[in-house]
There are 2 protein chains.
Amino acid sequence: MADIANAANVSVATVSHVINGTRPVKESTRLRVEAALDAAGYRRDRLARAMRRSTTETVGVVVSDPTQPVFGQMIQGVAKEARAAGYAMMLASSADDGQQELEAIKTFKEHRVDGIILAEVSHDLAGFDEMLRPDSIPLVLLDRLASRRLDQVGAETVGPMKRIVDHLIGNGYDDIAIVAGDLSVPTLQERFEGYRQALDAADIPLRSDRVVDDVRTEREVRAAMRPILQGNERPRALVTSSTNITAGVLGALHDLDMRTPRDVALVSFDELPYAEHFAPRITSVVQPAVQMGEHAMRLLLRRLRNPDAQARTIRLKPRFVHRQSCGCPAGAPSPFGD
Amino acid sequence: MADIANAANVSVATVSHVINGTRPVKESTRLRVEAALDAAGYRRDRLARAMRRSTTETVGVVVSDPTQPVFGQMIQGVAKEARAAGYAMMLASSADDGQQELEAIKTFKEHRVDGIILAEVSHDLAGFDEMLRPDSIPLVLLDRLASRRLDQVGAETVGPMKRIVDHLIGNGYDDIAIVAGDLSVPTLQERFEGYRQALDAADIPLRSDRVVDDVRTEREVRAAMRPILQGNERPRALVTSSTNITAGVLGALHDLDMRTPRDVALVSFDELPYAEHFAPRITSVVQPAVQMGEHAMRLLLRRLRNPDAQARTIRLKPRFVHRQSCGCPAGAPSPFGD
DNA sequence: ATGAAAGCGCTAACAT
DNA sequence: ATGTTAGCGCTTTCAT
């Protein structure tokens, strides 16, 4: 920058002001400086700027597993809005491990990111409180939400889950099991809650042998489902609470040489990629993951501009995609009324 | 840091050296400094350090579409190795647009990343040469490779593609079409080359009406395939060059109410996620995307440590997953000899 | 309208 | 073994 100043016969201050438009500069000198800038192929140094301004225009994003399409979509959404606002994005993967998540946050802080988006907080919140202290960095939660007042964006869960169970009940199913996954995860807990409410509203008793919980991996789901699906006592319909769970159920069906909806109906919360093209064609609730990412970034920008804004929780509506696996007639009304 | 120095009755230099272990410090003072560090909850400022050291310990990664599982996997691999080496990762998405890609690179440079990984360079290389000037930043290409000498890691393409076509030929197919996509993309060109070589070796003439090229999107593939698949003149087998292409073909099959392998056999280069669980069960060549990401990061680290190292090109072997869509008997020998 | 200079938080060369 | 200090590249206050 000193070189530029020299070449244009001005001070570094003027060069800086030309670059940033931070104070009026006489047309002629501005042109001279711009020419020098061009000639030298000048590129600003964001580090040095950040040192002075103490804002890096960088956000940190931590996701639990970038391999899963839904996270890819969230990342995509964040990236898009970040770019639009001139922000760079740092990414870390936590492998759904609270320890790694905290470490990622610390690293981000060392790099002085302006804010952090946690796309799927580990639900084991040890050390989490510390991150939330007001003196701490702006934070937005994505997907897995906390109960306290925070900036966060997720998808509606209870209502949609209730409605797809309603949908099954309305189409004559009365023995519906839920493959709920790990109920200590808030999101999954909420989905279970929707299931419970639907049964409740229809006066169907909740049977504990129709709730498959405490299964965390696709493999565990697959193993757990086999005994449940064999024999005549099996449920007539299944709702699954996440992509991995659905995959596990499909594995079990395969193992038993069973078909959906012929042998058991199936509705999945979350969609498997390219679901359109494959059999079974699974009726699904689809989360608007890209938009969720966009909203998260916008929420963060808002907070950066106005640190004292009220914390906001955004819940986006998922889409209902009616396919064949629920075994309902094609003309059956959408449970989402759309 | 000045506060720490005060509290421990030493100079900032000593504090710095305790933190970095850059010079011997008397046990007792070290302990005193460490205590002060702890008490103050000191966190180093990587920006300031980067200013001095002129290395940020940050790498920039640009992918064309984080939404696609294969990129998620590469990102995962890079993230893992980066973390292990104490590097942070910046991510940008280029939407397969050369312009955006260049902009992402520029932004990364402004942030002074130590190196850049380009996970799928846009093949329109305008302005690309500029990025490659020796005075420029260390660069590693991922997936789409360049012909010149550069650090880059990809998967083998020609050989594996040749072998899966061999596999089809060996099992009695002699009319095999390739859905090759956009042949100006080097990777896709290579896959086509493998197809060509296989036909050549078997003395099967290459027919231009058996090469579907110049299709870029899933939708275009779907539309282009319909006329080809109708009627008795249709090919007996299809090889597809990428995930999106495979998806397009599946769409066309669906439109025509056709099945694979019953109506036409299919082998896909690249695998659709959760392919295990769905019908049709597509015989596929699977790229080790996570490892590719890991290797890319390691190559970059090597270059950073030794700027004068010879450029290295790494080609990883894909896996062959034999399923039903190729219509070959289950016991047919693996074309990859494994 | 422009310039001089301090300083952001560190590291490292040079002293002692 | 430890301390002093210049300076990384910029922004911005205070002068002129």
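Every chain is numbered from 1 and lettered A, B, ... according to where its sequence line falls, protein lines coming before strand lines. The model shown is predicted, which means the values in this text are computed figures rather than measured ones.
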Salt bridge B:Glu27-B:Arg30, side-chain N to carboxylate O under 4.0 Å: yes
In 5'-to-3' order, the base (B), backbone-only (S) or no-contact (-) status of each nucleotide in nucleotides 8-15 of chain C, using a 4.0 angstrom heavy-atom cut-off, is BBBBB-B-
Calculate the interatomic distance between A:Asp3 atom CG and D:dC8 atom P; express it in whole Å. 11 Å
Test of understanding: with side-chain hydrogen bond (donor to acceptor under 3.5 Å, both in side chains), list the residues that count as partners of B:Thr217, not counting sequence neighbours. none
Under the side chain to side chain donor-acceptor pair (under 3.5 Å) criterion, do B:Thr313 and B:Gln152 qualify, and how do the steps go? CA-CA 5 Å; B:Thr313 294; B:Gln152 43 187 358; 3.1 Å; yes
If you look at every strand shown and take non-hydrogen atoms under 4.0 Å, does B:Ser54 touch a base, only sugar-phosphate, or nothing? nothing
Quick one: do A:Arg46 and B:Glu110 satisfy salt bridge (charged side-chain N to carboxylate O under 4.0 Å, His left out)? Show the steps, please. CA-CA 5 Å; A:Arg46 284 178 180 268; B:Glu110 293 185 356; 2.8 Å; yes
Using whole Å, what does the distance between atom C1' of nucleotide D:dC8 and atom NE2 of B:His111 come to? 18 Å
Cationic N near anionic O, under 4.0 Å, B:Arg44 to B:Glu57: no
Closer than 4.0 Å, any side-chain N/O of B:Ser11 to the OP1 or OP2 of D:dT2? no
If you measure from CE on A:Met51 to CZ on A:Arg112, what distance do you get to the nearest 0.5 Å? 6.5 Å
